[in-house]
Amino acid sequence: MSLSTARSFLSEAGYGEQELDANSALMELDKGLRSGKLGEQCEAVVLFPKLFQKYPFPILINSAFLKLADIFRLGNNFLRLCVLKVTQQSEKHLEKILNVDEFVKRIFSVIHSNDPVARAITLRMLGSMASIIPERKNAHHSIRQSLDSHDNVEVEAAIFAAASFSAQSKDFATGICNKISEMIQGLDTPVDLKLKLIPIMQHMHHDASLASSSRQLLQHLVTSYPSTQMVIVTLHTFTQLATSSLIDIPKQIQLLLHYLKEDPRKAVKRLSINDLKLLAKKAPHLWTKENTQALCECALSIPYNSLKLGMLSVLSTLSGTIAIKQYFSPVTGSTPTPSRPTDLVRLAQECCYHSNLAVAAHGVTVLSNIAISCLENDLLQLEQDTVLVVESLLVLCSQDDSTIAQATLKTALASLAKLLKSRPHLSQAAVEFLLCQLHSARDSARVLMCHALAAIAMQQPVLGEGMLGDLLDLYRVAGTSTSDKQQELLVSLATVIFVASQASLSAEVKTVVKQQLDSVANGWTVYRIARQASRMGCHQLSSELYQSLRTRVASEHFYFWLNSLKEFSQAEQCLSGLADGDYSGTMGAIADALRSYQKGIASLTAASTPLSPLTFQCEYVKLRIDMLQALSQLICTCNSLKTSPPPAIATTIALASGNELQRCGRISTQMRLSMDEFRNLATRYADLYQSSFDADSATLRNVELQQQSCLLISYVVESLILDPHTASFQEYSTLGSAQAENEYERHMMSVFNRVLEEVETLSRKHPPVSYLHTGCLCDAVIALLKVPLSFERYFFQKLQSTSIKASLALSPSPRSPNEPIAVQNNQQLTLKVEGVVQHGSAPGLFRKIQSVCLNVSSTLQSKSGQEYKISSDTKTNDIEQRVEPHNDYFSTQFLLNFSTLGNHSVTVEASVVDCSGIEWKTGPKTTIAIKSLEDPYSQQLRHQQAQQAVPQPGPQRTVYGRFQ
């Protein structure tokens, strides 16, 4: 096989392709490394990062890096450069090298070469490896020597290595600091070399004294060398040192403001602005009122738009933090002054009407943040000014298709939505203005306006009905072509219409939407609109749209996916026409819905592939099916009070047994079973929640509401029928305080509150069990079913992807994979668990992994031989350990004891803990078989004891014995 075969090994395997093992890929790359052709060697070297990405485990990475080290030692400079690039690209895998000494020994041998270029590449290689060899004294010594070299390439490489080691090693940073200072201040050091040496000082933050001496040196440099380049490099190093040491940030803010105000050079001002923005993000709480005021004064007096834009971006960052409250808070001990516009407000108002749109966008952001955060006497005037400014920008930018105009419009609309969320009384006028502008705006601006209208309508549903007429008029004339802008506009307008309709689409709305989609929309647009309809609870329209799309896809998996969505929408549509008090009609609707759901789950299973198993979707639908079946069974149980009333002797049976529920007849037993079933469903919903680490917050909230629904029904059954005195519903203590984010949540929470009120009222007035109690229970079921189910984003789309790939290393190792591992009962099994965290395209979008929780447990499957007296705590293993992944890699070890003879099953389960301390059951879960054997010495001793315990047989009687 050739390198092309190795390249195919390392490419992503498609559906149905064979996944080949890592050893085969490494062998092919090794053949390329040993080739006599330089081109093949280089091609093999540059394929190693893909190998590490695909198989990121230490054994393979260790072997691969040792092979690369041999190439580095024996090859020419071009091969060494290729190995250097591979090492820099694979920096996070360096700590998985097991034989670090051997690897460094092979690399370091080149440092003694007579070729300065080879030495320079070696120094850069050592610098790239600084994270795993921070305290290697021979590397420190070589860097010191190379700083005195007469070859510029070698000196620059030594500077790179010095910076890398200074960031990792306190000893090296302390030792090299004086030498770097001497070189920077030395008259024989060229200026360009000084500019490269100065950034090393940003790493001198390991202790306070080192940081203080470095700061003094930088302070001396910035005053002694006033050239533009020197000041820029020194100031930026100053800022980086301050952000790392933290204690000098206030001084650094003052220094940067001084240069911003006093230094006339634009480049220095621009650098000061960039560093101030860095400090505003890093430590906004350290900005005093005087710092913000000085920045405002500079922005008011500066005549250059580019610099004014930079200062406003700093103020825009500060305005969304605690710094804005510090600016407007009165100074302690001062007398209150009459209310007047501050410099910050005046600056923001001036910039909002600036001819530069970027400046105006930052001005709007600052002004809206001030209006939201500060409670001033003239707040009403400030709010009105902010709304007027946003409206003027909307008028200006809605007619411009340029990138800067669209970015400004997006910023202004985001500020408006944020302002309206905190000041709801301004919403009506703002919505009317947006609807008016929609008719005359460009398509790109209309899309952004629709997003803003949808956000406002989600926050305040009462405004949705007023939007509907204008939105429909616009939708009729929106789709005139098949361009991307028009397609995006159709989706955005449809989304706003669904939000405004609040899951109850009229026939007119459906007709208008379908007509436009039939005329100009492509298949992807129709699918996106159908997906939005499913999310908003408009299931009749979504069912029709999925039906039209089924035959327009090329893959059978897509066909089954669309067919399952169609069936789910039809199932939910069956539940939309329920009427209060119509219990038989409700049972018929649930039966129809279950019929469609069963068809849908079959199609959904057929749509899954190994690359896309649709685990969440299948489990979510199964839970919905089981919940509908449980609700149907509950209504049947309630009806059984009429069809099978308590017998005449029920009271006597209750008195005899001491159980008051027996006077209700068989319904008490059925209700208890129903309550247990709903509690089991709530537990399964909780498990689904815990396994959905990559889900967005709206999807998790949806799953949580389904769980709360099950707990609510369980509580109602217990409170009304089974045990009214001890029933508690503590799970709802936090639900009322949660802020509803969409209409589905509002409907569900209103149903919860109404049901709880009815239950409380009924339980006070009437003793159980009467028709009033069963009627209240059935009404609660109908109230829950009447809320249209929302299929949230994670059901259709996964924006974040996180998985754990784990491997087990056993000592002693098994002879074959299928056989159980033999362990003597007086020994312990060493279990090493290592793994990598694999991410998709947007890691950490919703939540990040802080640690990996590994749980190892063992259970005895079958015993063998005689059981001896063994302490109970050694019979099974149950160990949990948390490890923090470093560069997405984690490793830990367990010692397992198998004192009980027999076959054991060991289960290793991984879960992740996010930054909030919440544990998520993501898996994987691995099981291995262990066979515990008796050790030879104990076995021999037991046999000896058994032989001694057996009585010796007497002398045998023979025919000759009678004559003796």
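Below, each value reflects all heavy atoms present in this structure, side chains not excepted, and no hydrogens, waters or symmetry copies. By convention here, the first residue in the shown sequence is residue 1.
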If the condition is ring-ring contact (aromatic ring centres under 6.0 Å, His included), which residues does Phe172 pass it with, not counting sequence neighbours?
His140, Phe165
Pairs flagged by salt bridge (Lys or Arg N to Asp or Glu O under 4.0 Å) wherever residues 111-135 is involved - sequence neighbours left out
Arg119-Glu154
Between Gln88 and Ser128, do the side chains contain a donor N or O and an acceptor N or O under 3.5 Å apart?
yes
Looking only at non-hydrogen atoms, find the nearest pair between Ala69 and Phe103 and report the distance.
CB-CD1, 3.6 Å
Can you give each donor-acceptor pair under 3.5 Å made by side-chain atoms of residues 844-854, sequence neighbours left out, with the distance rounded to 0.1 Å?
residue	atom	partner	partner atom	Å
Arg847	NH1	Phe693	O	2.4
Arg847	NH1	Ala695	O	2.7
Arg847	NH2	Ala695	O	3.2

Applying salt bridge (charged side-chain N to carboxylate O under 4.0 Å, His left out), name anything that partners Arg882, two or more places apart in sequence or on another chain.
Glu919
Does the Ser911 side chain pair with the main chain of Thr922, one donor and one acceptor, at a distance under 3.5 Å?
no
Is Ser149 reaching over with its side chain to a backbone N or O of Gln145, donor-acceptor style, under 3.5 angstrom?
no
Residues 270-277, side-chain donor-acceptor partners within the protein, below 3.5 Å, at least two apart:
residue	atom	partner	partner atom	Å
Ser272	OG	Val268	O	2.9
Asn274	ND2	Arg270	O	3.4
Asp275	OD1	His236	ND1	3.0
Asp275	OD2	Thr239	OG1	2.9

Can you list the residues that meet the ring-ring contact (aromatic ring centres under 6.0 Å, His included) rule with His839, with sequence neighbours excluded?
none
When you check the side-chain N and O atoms of Lys194 and Tyr225, is any donor under 3.5 Å from an acceptor?
yes
Please find the pair of heavy atoms, one from Arg793 and one from Thr699, that lie closest to each other, and give the distance.
N-OG1, 3.7 Å
Checking side chain to side chain contact (heavy atoms under 4.5 Å, CB included) between Met201 and each of Leu210, Thr237, Leu241, which is the one that passes?
Thr237
Using the ring centroid of each side chain, check whether Tyr527 and Trp524 are separated by less than 6.0 Å.
yes
Just by distance, do the side chain of His206 and the backbone of Ser166 share a donor-acceptor pair under 3.5 Å?
yes
